[in-house]
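Take a look at the structure set out below.
Only heavy atoms go into these numbers, but all of them, side chains included; no hydrogens, no water, no symmetry mates.
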Amino acid sequence: MMENKEFDYSGRVYGGFPMLAVVLVVIPLLTVLSVLEAFNGYIGLPLWLPIVGAVVLFVVWIIILCGFFTQQPNQSRVMIFFGKYRGTFRQTGFFWINPFMSRVKMSLRIRNMDIEPIKVNDKIGNPVMIGMVLVWKIKDTYRAVFDVDAPTATVVVSEKDERPVKTRDDALSEFVRIQSDAALREVTGHYAYDDTDNNSNELTLRSGGDEINEQLEHKINERLAMAGISVVEARLNYLAYAPEIAAVMLRRQQASAIISAREKIVEGAVSMVKMALNQLSEENVVELDDERKAAMVSNLLVVLCADEPAQPVVNTGTLYQ
């Protein structure tokens with residue numbers, strides 16, 4: 001099990017509104033007083049000294065303004081002080097913190113991702129198209145920030161093709177997509193698309209349902225744990241044979257369905273013929289020898305098992321001619 005390096009930020013954090021009042025009133029007031037004092041010469045200081053003091057106070061004022069931030073529910077800030085991780089801040093509201101404290105904003109909200117269908121070989125080698133819907137969220141902010149690389153430079157492919165700057169969220173989404181794709185290929189390779197041998201005990205992609213989804217979710221969780229990401233739900237939303245074998249497999253399925261239907265028809269026809277012979281014998285309607293019984297059985301089976309309605313031939317002679 002991976003070590004959990006995340007912990008809550010325990011440094012000083014001040015309310016945003018009281019600090020805003022201080023910044024908007026005290027520092028500009030000191031600046032104005034310093035300038036007035038220099039021009040009136042109350043204490044005999046050189047002219048440049050109050051001006052320098054006013055400039056310094058103005059710079060300090062700007063720096064202090066950088067310490068304000070707001071945080072909404074299901075958001076967090078990873079606090080970094082000159083390269084050192086100081087904790088994760090999860091409270092909501094308007095706050096002020098040391099302006100030199102770097103704050104990496106991380107969303108803890110649930111995210112949805114549609115993995116487009118990809119071509120994968122199933123257990124018996126048939127190419128299938130399979131896709132899924134993935135619901136995920138960030139669980140460990142330390143790993144999401146420090147263990148996943150997020151390039152920030154613009155990638156120039158050509159003079160006319162310049163890719164946008166990649167953000168940390170883009171890097172996480174790309175990481176999730178690639179790892180989910182790999183897990184989907186791995187799970188698909190362990191199961192056949194359909195039950196080709198009519199063996200109902202074998203788990204397949206079509207009949208697996210919740211079991212396949214649970215295994216897929218487990219595999220993706222294993223891969224995403226290194227980035228501090230947790231899978232809420234993973235579910236197949238597309239499953240079909242690849243186009244190159246779709247027509248052939250459709251004919252196979254049709255043939256299998258026809259065979260199953262024929263088995264039911266023959267089973268029912270035999271039962272009806274048996275019932276007819278038993279009733280004729282029990283109620284003494286007519287006595288038939290073995291040859292006549294065989295002919296009757298043949299005729300009934302033809303009538304009952306034929307794809308089209310049989311055309312009867314009426315015998316107007318006696319039974320034994």
For this session: In sequence, state the C-alpha distance, the side-chain angles, and the governing distance for H218 and E222, and then conclude on side chain to side chain donor-acceptor pair (under 3.5 Å).
Result: CA-CA 6 Å; H218 176 70; E222 287 183 348; 2.8 Å; yes

Are [X] and [Y] grouped together when hydrophobic residues (ILVMFWY) are joined by side-chain heavy atoms under 4.5 angstrom apart?
X: V148; Y: I178; answer: no
X: I229; Y: M226; answer: yes
X: I63; Y: M101; answer: yes

What distance separates [X] [atom1] from [Y] [atom2], expressed to the nearest 0.5 Å?
X: D122; Y: T188; atom1: CG; atom2: OG1; answer: 8.5 Å
X: I97; Y: R86; atom1: CD1; atom2: CZ; answer: 9.0 Å
X: Y9; Y: I80; atom1: OH; atom2: CD1; answer: 12.0 Å
X: M113; Y: S180; atom1: CE; atom2: OG; answer: 6.5 Å

Under 3.5 Å, side chain of [X] to main-chain N/O of [Y], donor-acceptor pair present?
X: Y85; Y: V78; answer: no
X: R77; Y: Q91; answer: no
X: W96; Y: I64; answer: yes

So do the side chains of [X] and [Y] get within less than 4.5 Å of each other, counting heavy atoms only?
X: I124; Y: Y193; value: no
X: N237; Y: D114; value: yes
X: K137; Y: N74; value: no
X: Q179; Y: I220; value: no
X: S230; Y: N221; value: yes
X: R111; Y: D169; value: yes
X: V133; Y: I115; value: no

Exercise. Would you call the rings of F94 and F68 parallel, tilted or perpendicular, where under 30° means parallel and over 60° means perpendicular?
Worked result: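 Taking F68 first and then F94, their aromatic rings lie parallel (interplane angle under 30°).
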
Problem set entry | Parallel, tilted or perpendicular: rings of F100 and F82 (30°, 60°) |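 Because their plane-to-plane angle is under 30°, the rings of F82 and F100 count as parallel.
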
Residues which pass side chain to side chain donor-acceptor pair (under 3.5 Å) with [X], listed by chain and number, not counting sequence neighbours:
X: Y191; value: Q215
X: N213; value: none
X: R12; value: none
X: H190; value: none

For this session: Please report the closest heavy-atom contact between R103 and C66, naming both atoms and the distance.
Result: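 The pair with the smallest heavy-atom distance is NH2-O, 2.9 Å.
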
For this session: Have a look at L184 and tell me which of V120, L236, L134 forms a side chain to side chain contact (heavy atoms under 4.5 Å, CB included) with it.
Result: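 Among V120, L236, L134, the one that satisfies the side chain to side chain contact (heavy atoms under 4.5 Å, CB included) with L184 is L236.
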
For this session: Test S76 against T141 for side chain to side chain donor-acceptor pair (under 3.5 Å), laying out the working first.
Result: CA-CA 8 Å; S76 65; T141 57; 5.1 Å; no

Exercise. Does atom CZ of F7 have more than 12 heavy-atom neighbours, drawn from other residues, nucleotides or ligands, at distances under 6.0 Å?
Worked result: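 More than 12 within 6.0 Å, yes.
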
Quick one: salt bridge (Lys or Arg N to Asp or Glu O under 4.0 Å) partners of [X], sequence neighbours excluded?
X: E217; result: none
X: K219; result: E186
X: R185; result: D181

Problem set entry | Results of ring-ring contact (aromatic ring centres under 6.0 Å, His included) for F69 - residues two or more places apart only |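 Partners of F69 by the ring-ring contact (aromatic ring centres under 6.0 Å, His included) criterion, ordered by chain and then number, come out as F89, F95.
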
Exercise. Who are the side-chain contact (heavy atoms from CB on, under 4.5 Å) partners of D140, not counting sequence neighbours?
Worked result: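 Only N4, E6, Y142, R143 meet the side-chain contact (heavy atoms from CB on, under 4.5 Å) criterion with D140.
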
For this session: Considering only Ile, Leu, Val, Met, Phe, Trp and Tyr, and joining two whenever side-chain heavy atoms are under 4.5 Å apart, list the other residues clustered with V232.
Result: I110, V135

Problem set entry | Co-members of the apolar cluster containing M275 [side chain, <4.5 Å] |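 Members alongside M275: none; it stands by itself.
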
Problem set entry | Pairs meeting criterion salt bridge (Lys or Arg N to Asp or Glu O under 4.0 Å) with involvement of residues 225-240, two or more places apart |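 Checked against salt bridge (Lys or Arg N to Asp or Glu O under 4.0 Å) - neighbours excluded - the pairs reaching residues 225-240 are D210-R235, E233-R235.
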
